[in-house]
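Take a look at the structure set out below.
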Amino acid sequence: MTGRIRTNLRFTFPGGAPLSHGKAQLMELIRETGSIRQAAQRMDMSYRRGWLLADELNHLFIEPVIATKHGGKSGGGASLTTFGQELLTRFRAIEARTAAALRDDLAWMEENMRNEDAACGASDRDEPDQESR
């Protein structure tokens with residue numbers, strides 16, 4: 001068997017806004033590229049979607065996560081604030097601790113998993129539909 005079970009850490013804030021691996025990746029790419037547009041492009045999303053996610057991050061906390069500079073002759077740009085860098089560092093550390101805590105249980109599940117071809121399409125069978133709850 002070659003497949004591995006992946007975990008996906010997701011925090012859902014009051015009001016429903018999530019913080020998960022996608023926003024963490026966006027923050028990393030903004031830090032790397034200095035641009036929401038380039039970060040969004042690398043994630044195969046529109047600039048508008050990237051901007052909306054960055055704006056959502058900035059409204060989740062009392063301090064901004066991403067600083068933006070409007071375009072013009074000198075061009076625009078974006079960067080993580082000190083708070084944004086701390087948030088990203090903490091999020092990645094929580095992911096690592098979560099993976100470490102689950103390592104033995106995930107290994108056990110992987111050892112007992114059907115092969116990938118047999119498991120395709122089975123995900124819907126594990127959960128009852130909403131109407132039957």
Side-chain angles (χ1 to χ4, degrees):
M1 175 186 58
T2 59
R4 304 238 9 163
I5 297 171
R6 295 181 305 226
T7 60
N8 180 7
L9 183 65
R10 177 186 172 117
F11 297 103
T12 304
F13 287 73
L19 175 60
S20 64
H21 68 287
K23 285 188 180 127
Q25 182 182 9
L26 182 67
M27 287 188 282
E28 286 174 334
L29 290 170
I30 288 170
R31 180 184 59 197
E32 183 182 315
T33 65
S35 165
I36 294 173
R37 181 179 305 280
Q38 288 179 30
Q41 186 176 20
R42 286 194 187 179
M43 293 179 72
D44 293 323
M45 69 174 72
S46 69
Y47 166 71
R48 176 169 169 70
R49 178 77 178 135
W51 188 91
L52 289 171
L53 291 172
D55 188 57
E56 185 174 66
L57 276 167
N58 280 342
H59 285 93
L60 281 175
F61 300 97
I62 57 175
E63 291 188 47
V65 175
I66 298 166
T68 58
K69 184 175 119 182
H70 294 287
K73 285 187 177 183
S74 62
S79 61
L80 292 186
T81 63
T82 302
F83 177 82
Q85 182 57 52
E86 178 71 14
L87 173 64
L88 179 58
T89 299
R90 286 176 179 264
F91 183 85
R92 291 302 190 203
I94 294 167
E95 279 184 322
R97 289 193 308 272
T98 301
L102 297 175
R103 189 168 289 121
D104 291 344
D105 293 315
L106 291 176
W108 181 85
M109 284 191 277
E110 288 170 357
E111 289 171 9
N112 291 286
M113 217 169 45
R114 289 185 190 268
N115 70 38
E116 292 174 31
D117 293 334
C120 287
S123 63
D124 292 338
R125 291 185 292 223
D126 293 341
E127 294 292 322
D129 25 276
Q130 295 287 3
E131 294 176 358
S132 64
R133 289 185 185 176

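Worth knowing before you read on, the calculation uses all heavy atoms, side chains too, and leaves out hydrogens, waters and symmetry mates.
- Remark: A101 pairs with no residue by the side-chain contact (heavy atoms from CB on, under 4.5 Å) rule, at least two apart or across chains.
- Counting all heavy atoms, side chain and backbone alike, A78 lies closest to I66 at CB-CG2, 4.1 Å.
- Here L102 pairs with T7, T98, L106 under the side-chain contact (heavy atoms from CB on, under 4.5 Å) rule; sequence neighbours left out.
- Under the 3.5 Å distance criterion, the side-chain polar atoms of N58 are left unmatched by any main-chain donor or acceptor of P64.
- Taking 4.5 Å as the limit, some side-chain heavy atom of R90 sits within range of a side-chain heavy atom of E86.
- L52 is listed as a side-chain neighbour of R48, based on a closest heavy-atom distance under 4.5 Å.
- The distance from the CZ atom of F11 to the CG atom of L60 is 12.0 Å, given to the nearest 0.5 Å.
- Here E56 contributes atom CD and F13 contributes atom CZ; the two are 9.5 Å apart, rounded to the nearest 0.5 Å.
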- Could you give me the CA-CA distance, side-chain angles and deciding distance for F91 and L9, then say whether side-chain contact (heavy atoms from CB on, under 4.5 Å) is met? CA-CA 9 Å; F91 183 85; L9 183 65; 4.0 Å; yes
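- Contact detail for G50 and A40: the closest heavy-atom pair is CA-CB, 4.1 Å.
- Scanning both residues, L19 and K23, for their nearest heavy atoms gives CD1-CB, 4.0 Å.
- Atom CG of D104 sits in a sparse spot, with 12 or fewer heavy atoms from other residues, nucleotides or ligands closer than 6.0 Å.
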What donor-acceptor contacts under 3.5 angstrom involve side-chain atoms of residues 26-38, with partners at least two apart or in another chain?
| unit_1 | atom_1 | unit_2 | atom_2 | d |
| --- | --- | --- | --- | --- |
| E28 | OE1 | R92 | NH2 | 2.9 |
| E28 | OE2 | R92 | NE | 3.0 |
| E28 | OE2 | R92 | NH2 | 3.4 |
| R31 | NH1 | Q85 | OE1 | 3.2 |
| E32 | OE2 | R42 | NH1 | 2.3 |
| T33 | OG1 | L29 | O | 2.8 |
| T33 | OG1 | S35 | N | 3.2 |
| T33 | OG1 | S35 | O | 3.0 |
| S35 | OG | R37 | N | 3.2 |
| S35 | OG | Q38 | N | 2.9 |

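- Note that the CG atom of L87 and the CD atom of E63 stand 10.5 Å from one another [nearest 0.5 Å].
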